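Step one of this worksheet: look at the structure below.
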Amino acid sequence: MNGREQSSPTPDSAAVRKVPTGPARRGPTGIEPARLTAGQPGTLRGATSRQGARVAIDARGIYYKTLNEQIREEIERGAREIVLNNVLGQRYIGTGLAFRGVTVIVNGVPGNDLAAFMNGPTLVVNDNAQDGVANTMNSGLVVINGNAGDVLGYGMRGGSVYVRGDVGYRVGIHMKAFGDSHPLIVIGGSARDFLGEYMAGGELVVLGLGQNEQAVVGSYVGTGMHAGVMYIRGEVAAHQLGKEVRLQAPAPEDELRIRQIIEDYCRVMGIDENEVLARPFVKVYPYTSRPYGRLYAY
Amino acid sequence: MAYTTFLPPEFRVVIDKEACLQCGRCVQQCGWSVYTWDEAERRPRPDHSKCSACHRCVTFCPGSAITVKHNELAFKRSDSMSPDLIKAVWKQAETGGVLLTGMGNDKPYLRIFDHLLLDACQVTNPSIDPLREPMEMRTFLGRKPDSLEVSTSGSSLRGTSVSPAASARLLTELDRQLQLETPIMFGGMSYGSVSLNVHRALAMAAAELGTFMNTGEGGLHADLEPYQDHIIVQCASGRFGVDTSYLQAGAAVEIKIGQGAKPGIGGHLPGEKIDYQVSITRMIPQGTDALSPAPHHDIYSIEDLRQLIYALKEATGYKPVSVKIAAVHNVAAIASGVVRAGADIVYLDGFRGGTGASPTIIRDHVGLPIEIAVATVDQRLRDEGIRNRASIVAAGGIRSSADVVKAIALGADACAIGTVALVALGCHVCQKCHTGCCSWGICTQRPELTRRLDPEWGASQVVNLVRAWTHEIAEVLGALGVNAIESLRGSRERLRGLGLDQTVLDVLGVKAAGS
């Protein structure tokens, strides 16, 4: 929107001429489903209240694109803590957000792809989260004070994700570490199948808190894994593992690292760390960094 | 047993002793170490079994003393068990491995482009001379609106010099477009599979030509940042080198679902090719294998694809998003879903498209020709009334300007070239890309080889090629009596099939020659 357009008089409807360019026939899905949830495209903006660097936005019925524009605008205006109230399914909150020293607090259930490609901020969800949290995230911290859905941390390269409850399928696929970036996912509850598939770096920790006798992880744990490590609190049976990983008791240096991870997680989550550390962990690790090195005839 | 392999050498390196200057340049030039220097006789000795027929030695031999010939051993003639099949069996019996290859499908499937003929004007409709009259080659890729809202309010009055058109104002907010000065762009080839100098050459060429190069899935090296307005960045299943600054650097983002040379399978860049520079560009440790999963594990449906498309739009301030899919049997229905998912560009990659490495069985037996894919996708999107929502890029088997013209007439908005751009840089299509020994410095990371390719020279080679093709396309447009590439798009009436059966003609929507 440039200045010239803004200063022009608004044309009345009689002066607006519709010129069809596309074919007259419409496809069967003229209305796109995503537009029906969590607000409609348009100019409706969330009511905002500001207090210094703290800003609250009422997200009720606000279209995701507008809401995310508002978040970016507020950060550019100097906001350092943004509270989103009445969030209901808005997608892409924190997606592509590349600011350090910013905290976004989500009150309500955010939609898919929360914190995708995020680089720097802290994002706290005070409810459950859906699928695709921290997709290809680069740095920052995501805290989910509930359960999260499938495909959490896909291709995640750095930063941390703390989940208080359970997560779904395909979590931590193809996480990778490079240079100073080491992605970390800590899951308070349990994880379903395909955990850490193709994992190429970083750390995945599953605590199984409140799981009692149930399985902490599903099947195909670490299939195709070729770097990084998983620490799982509780028992993992051989049949649950992918064929590229091995299981062993944590070495002393692993124990040190586990303690460090748990201390950080428990401090943020307000959990007694001694209770968590009271139960032993197992370590899942890849037995080779070249799982498919001998597959080909050159 | 005295033998080490049943496999006979594929080629024979013949050195004319009279012409040989005994300079040893062939020894130095060969990336495959075919030659050793015989100190006693002061001449090179070839190991035929290592030769790939890349002709590096032939080109650089100052005495023109070297020729490379087929090693034409006689096998008992058989239409069933050809020598190539027998050799493949031996290779696998000896290694137990999956056969690998590079470049595109080399099997003798029907080449549809070569059975399509273009029309020209005679008598009844004058042709146009592109040397004297303007010929519009500019192409915009991206979503076009279903309708335009135009305001004509304002000062336009009958009798004044202000025309209604001058006072009209476009109210529809247009989606961002990629502006191409010629309908030819470069296909995705990752840094890691090709050398950084190839990326540099293509980026420079794209900037000079006013078109786009594509990073492939290996990230964007810092040296390419000056050309970022002419670069499409790729986001593939391995997410190598993908972060916010990478996404924001590109003029557009491409989600790579599949590749014509290897539809449905992932990629595997061996650790040997991950040197320091590749490592920092891909953002993975040196020497580790770069495994690209076969699918994006966050995309199992059209709805999931839509989710990633809009995540990328959110992360880039709504830049155009291209989705690259391989031409497979249901490509028209898939492309329809891709367009409905919100893609601005559908990039179709035919089964003759090249690759840095693919299992031979996939390269040679999976997919569809690009001609079929473009024709069926264009028709499907028109039938469904959504053709305006996305542009179609045809790639994977575009070998000449004639192929570009025919692909556009079949329904493409633009074409992408990969293999032929590399041929302009010296590639001899020896199909050994997967070995990493490319003597031409193209498909290798060995510093003594990659430095052979001067990026500025390379850029001028590619610019020359694309400019020449653009002139040729303008000639064809003039002969067809149209003055814009847009007028050719989907103009199948200007094509006729010669030697194609009726089923293929029906699929292409093209009439038989003479009808």
Side-chain angles (χ1 to χ4, degrees), chain A residues 8-9 11-12 15-29 32-34 65 68 91-92 95-96 98 112-113 116-119 131-132 135-136 138 151 154-155 157 170 173-174 176-179 181 194 197-198 200-201 224 226-227 289-298, chain B residues 91-92 94-100 144-153 169 171 235 237-239 242-245 247-248 268 270-271 279-280 282-285 288-289 291 293 296-298 303 306-308 310-312 314-316 336 340 342 359 382 384-389 434-435:
Chain A
S8 313
D12 55 59
V16 172
R17 205 152 54 92
K18 286 217 171 201
V19 183
T21 57
R25 219 152 70 81
R26 288 299 203 88
T29 54
E32 289 149 32
K65 194 176 167 188
N68 291 328
R91 289 183 171 188
Y92 312 119
T95 287
N112 291 352
D113 270 357
F117 308 108
M118 191 175 86
N119 196 5
D131 299 340
N135 190 341
T136 324
N138 212 51
V151 211
Y154 181 74
R157 182 175 291 109
R170 290 181 267 150
I173 291 186
H174 218 306
K176 50 182 88 69
F178 174 66
S181 294
F194 311 110
E197 239 186 359
Y198 289 103
H226 50 289
S289 63
R290 309 282 306 271
Y292 309 118
R294 292 166 59 85
L295 184 62
Y296 303 109
Y298 280 88
Chain B
K91 193 166 188 177
Q92 293 195 291
E94 288 168 15
T95 63
V98 170
L99 296 175
L100 277 185
K144 312 296 188 290
D146 292 343
S147 63
L148 288 178
E149 277 185 61
V150 178
S151 154
T152 51
S153 70
R169 208 162 56 80
L171 299 178
C235 175
S237 62
R239 304 285 155 87
V242 179
D243 66 6
T244 42
S245 54
L247 296 173
Q248 280 156 12
H268 176 189
S279 136
I280 56 169
R282 292 202 171 213
M283 303 176 194
I284 52 169
T288 58
D289 284 4
L291 304 179
H296 290 244
H297 282 287
D298 54 345
E303 291 76 11
R306 181 183 182 83
Q307 187 177 316
L308 184 62
Y310 279 87
L312 290 169
E314 277 288 321
T316 59
S336 165
R340 290 168 195 284
R382 284 173 193 274
E384 294 183 359
I386 56 173
R387 179 64 181 85
N388 62 302
R389 289 204 205 162
H434 57 291
T435 62

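What you see is a predicted model; the values in this text were computed from it and never measured. We name chains A, B, ... by the order of the sequence lines, and we start the count at 1 in each one.
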Give the member of [options] that has the highest number of heavy-atom pairs under 4.5 Å with chain A.
options: B/Leu100, B/Thr435, B/Leu99, B/Thr95; answer: B/Leu100
options: B/His296, B/His268, B/Lys91, B/Gln92; answer: B/His268
options: B/Gly342, B/Ser237, B/Pro359; answer: B/Ser237
options: B/Asp243, B/Ile284, B/Thr288; answer: B/Ile284

Self-check item: A/Phe194 and B/His297 aromatic centres sub-6.0 Å
Solution: no
Practice problem: May I ask you to check whether A/Tyr296 and B/His434 place their ring centers less than 6.0 Å from one another? | Solution: no
Taking all heavy atoms of [X] and all of [Y], pick out the closest pair and write down the distance.
X: B/Ala315; Y: A/Gly96; answer: CB-CA, 3.9 Å
X: A/Lys176; Y: B/Met283; answer: CD-O, 4.4 Å
X: B/Thr244; Y: A/Asn119; answer: OG1-ND2, 3.3 Å
X: B/Pro285; Y: A/Ala177; answer: CD-O, 3.4 Å
X: B/Ala311; Y: A/Thr95; answer: O-CG2, 3.5 Å
X: A/Thr136; Y: B/Arg239; answer: OG1-NH1, 2.9 Å

Quiz prompt | Greatest number of heavy atom pairs closer than 4.5 Å to chain B - which of A/Asn138, A/Asp113, A/Val151 | solution = A/Asp113
[atom1]-[atom2] distance between [X] and [Y], expressed to the nearest 0.5 angstrom:
X: A/Asn135; Y: B/Leu312; atom1: CG; atom2: CG; result: 8.5 Å
X: A/His226; Y: B/Asp289; atom1: NE2; atom2: CG; result: 6.5 Å
X: B/Asp298; Y: A/Arg170; atom1: CG; atom2: CZ; result: 8.0 Å

Practice problem: List for me each residue that meets side chain to side chain contact (heavy atoms under 4.5 Å, CB included) alongside B/Pro270, sequence neighbours excluded, and say none if there are none. | Solution: A/Arg290, A/Tyr298, B/Glu272
Exercise. Only counting residues at least two apart or in another chain, list the ones meeting side chain to side chain contact (heavy atoms under 4.5 Å, CB included) with A/Asn68.
Key: A/Tyr64, A/Ile71, A/Arg72, A/Tyr92, A/Ile93, B/Glu314
In terms of heavy-atom proximity below 4.5 Å to chain B, should [X] be classed as side chain, backbone, both, or neither?
X: A/Ala98; value: side chain
X: A/Tyr198; value: side chain
X: A/Ile173; value: side chain

By a 4.5 Å heavy-atom criterion (distance strictly below it), what part of [X] contacts chain A: side chain, backbone, both, or neither?
X: B/Ile280; result: both
X: B/Thr316; result: neither
X: B/Ser245; result: neither

